[in-house]
Amino acid sequence: MKKNNPSIINAWCMYDWANSVHALVIVSSIFPVYFSATALAASGSGQVDFFGFQIKSSVLFSYTVSVSFLITALLVPICTAIADYTGTKKRFMQLFCYTGALSCMLLYFFTKETLLPSIFLFGLSLIGWSGSIVFYDSYLPEIATEDNFDRISARGFSMGYLGSVLLLLFNLSMVLFPDFYGITQKSLPARISFFTVGIWWVLFAQIPFYYLPKGNRGKQRSGNWIFNGFAQLRKVYTRLREQPYLAKFLSAFFIYTMGLRTVMYVATIFGATELRLPSQSLIITVLLIQLVGIAGSYTFAWLSGQIGNIYALMIGVFIWIGICTGAYYTTEAMEFYVIACTVGMVMGGIQSLSRSTFSKLIPENVTDTASYFSFYDVTEKLAIVVGTFIYGFVEQLTGSMRNSILALLVIFVLGLVLLSRIPSRKLYHFELETKEN
């Protein structure tokens, strides 16, 4: 397939537009607020009876994220290997997409009487979303040349921010002005929002599903193909020893992603539980983060062109250290809003740069890109598992989310140290040119 085809690239970016509404509405804004309020209404104390165990609702939310991504990390290697073996990468992407979208639609029935089933649906939606992303990401080195990775990756994230903002605006109008829509039931606007996420996701996903290639059928492999995914991970691990910079990047990526993605999943819960901010303020804050994130994605893509991907990532992680420091001392709503806007500037930028940096570091002319990105994805998902578990465990142990934030601060410092071990690719090429001259 010819690379840098504008139609293919635009279609690829549309999956960010389609799936990002899950990250915004379900993970970051309306669902966490509704979940906290529903758990409080069900018990009167915010404690959830989870099969005989009394668990704080915010801790249960964190643990649900951890378990969901652990399941994804176990599933993805097998699925990507089968996809590369059979040439059905797109079908697997569709399977995960439709699973996640249907789970969101079923959250329409989320009430205090259906709290536990809804927790499982939330987890299933995370599995569907994160599982589809690995196949989506793996298309990047197939459809574009290396010099365009940063720009196209940033465009995808920006499209995701813009699309999710449009749907959130509609959902937010229902939450704030239910009378305008003739809605009298208090919980209905939020539940309709969950349903619209599934519809939006499926509807706009049809564009990339139509244009993107099915996937390249790999060479026949010996052995049991069910376990071929984990064999492929071992194969990639062997190659890591031959590519030390890729290994160093993945170790740094694992650490700083542990902090970054945990913040994404618990920030709204922090604002609702620790600062007691009203629901409308939290949702509007998340909306502002998305708008700032569009500028942030392109800013970091430009920055990587000036100083290289690694140095740009180091700047982003350094800012995250400052964010955690500020969040620990945050007590007022205005302070929370300032922190949130700063999060928006660096969140999408680091994610898009991480994706494009990995694409640059994998060997050229690789055909089984889904298997390679399964390694990237497993690294990311395990980081989320560990990060959200640490956050929830520290809160459960100490009774304060602020101590969990201190744990995240240490994680970002370690991530910055690991990134500093990797030379900037831009600087490396400059030094080679200097020696040649």
Side-chain angles (χ1 to χ4, degrees), residues 16 20 22-24 27-28 32 61-62 65-66 68-69 72-73 126 129-130 133-134 137 153-154 156-157 160-161 249-271 286 289-290 292-293 296-297 299-301 303-304 309-328 339-358 376-392 394 401 404-420 422:
D16 254 318
S20 292
H22 177 275
L24 179 57
V27 174
S28 301
F61 184 91
S62 181
V65 174
S66 299
S68 300
F69 282 113
T72 306
L126 286 170
W129 175 78
S130 58
I133 290 296
V134 63
D137 287 345
S153 183
F157 271 94
Y161 282 133
F249 171 73
L250 283 175
S251 63
F253 173 70
F254 174 79
I255 297 299
Y256 70 72
T257 296
M258 201 188 302
L260 184 150
R261 296 301 292 270
T262 300
V263 172
M264 290 176 60
Y265 290 115
V266 301
T268 305
I269 292 289
F270 176 82
V286 174
I289 289 176
Q290 306 307 301
V292 174
S297 295
T299 298
F300 273 87
L303 188 62
S304 68
N309 287 46
I310 299 301
Y311 285 153
L313 285 171
M314 288 178 66
I315 290 174
V317 172
F318 183 78
I319 295 174
W320 272 107
I321 294 173
I323 288 172
C324 290
T325 303
Y328 178 80
I339 292 291
C341 288
T342 309
V343 167
M345 279 299 297
V346 294
M347 182 170 58
I350 289 185
Q351 287 182 280
S352 64
L353 270 190
S354 297
R355 178 168 65 184
S356 61
T357 301
F358 183 78
Y376 174 87
D377 192 72
V378 166
T379 302
E380 181 183 41
K381 298 305 176 283
L382 290 178
I384 297 172
V385 171
V386 176
T388 52
F389 177 81
I390 289 174
Y391 190 93
V394 171
M401 286 189 181
S404 299
I405 292 175
L406 285 180
L408 296 182
L409 189 151
V410 174
I411 288 171
F412 279 119
V413 170
L414 181 57
L416 182 62
V417 171
L418 293 177
L419 274 175
S420 67
I422 310 171

*Where the side chain of S66 meets the backbone of F389, is there a donor-acceptor pair that is under 3.5 Å apart?*
yes

*If we only count heavy atoms from C-beta on, is the M258 to I390 side-chain gap below 4.5 Å?*
yes

*Drop me the distance from L414's CG to L419's CG, to the nearest 0.5 angstrom.*
10.0 Å

*Which of parallel (below 30°), tilted (30 to 60°) and perpendicular (above 60°) describes F69 and W129?*
perpendicular

*Looking at side-chain heavy atoms only, is the closest gap between L313 and F249 below 4.5 Å?*
yes

_Do M347 and F157 make a side-chain contact, defined as non-hydrogen atoms from C-beta onward lying under 4.5 Å apart?_
no

*asked:* Surrounding CZ of F318 (heavy atoms of other residues, nucleotides or ligands, distance under 6.0 Å), is the total greater than 12?
replied: no

*Would a 4.5 Å heavy-atom cut-off, applied to side chains only, mark Y311 and L303 as touching?*
no

*Have S352 and S153 got a donor and an acceptor in their side chains that come within less than 3.5 Å?*
no

*Would you call the rings of Y256 and F253 parallel, tilted or perpendicular, where under 30° means parallel and over 60° means perpendicular?*
perpendicular

*Can you check whether V346 reaches I323 side chain to side chain, under 4.5 Å on heavy atoms?*
yes

*OG1/T325 to CG/L406 distance, rounded to the nearest 0.5 angstrom?*
8.5 Å

*Between L126 and T72, is any pair of side-chain heavy atoms under 4.5 Å apart?*
no

*Nearest 0.5 Å, what's the CD1-CH2 distance between I315 and W320?*
16.0 Å

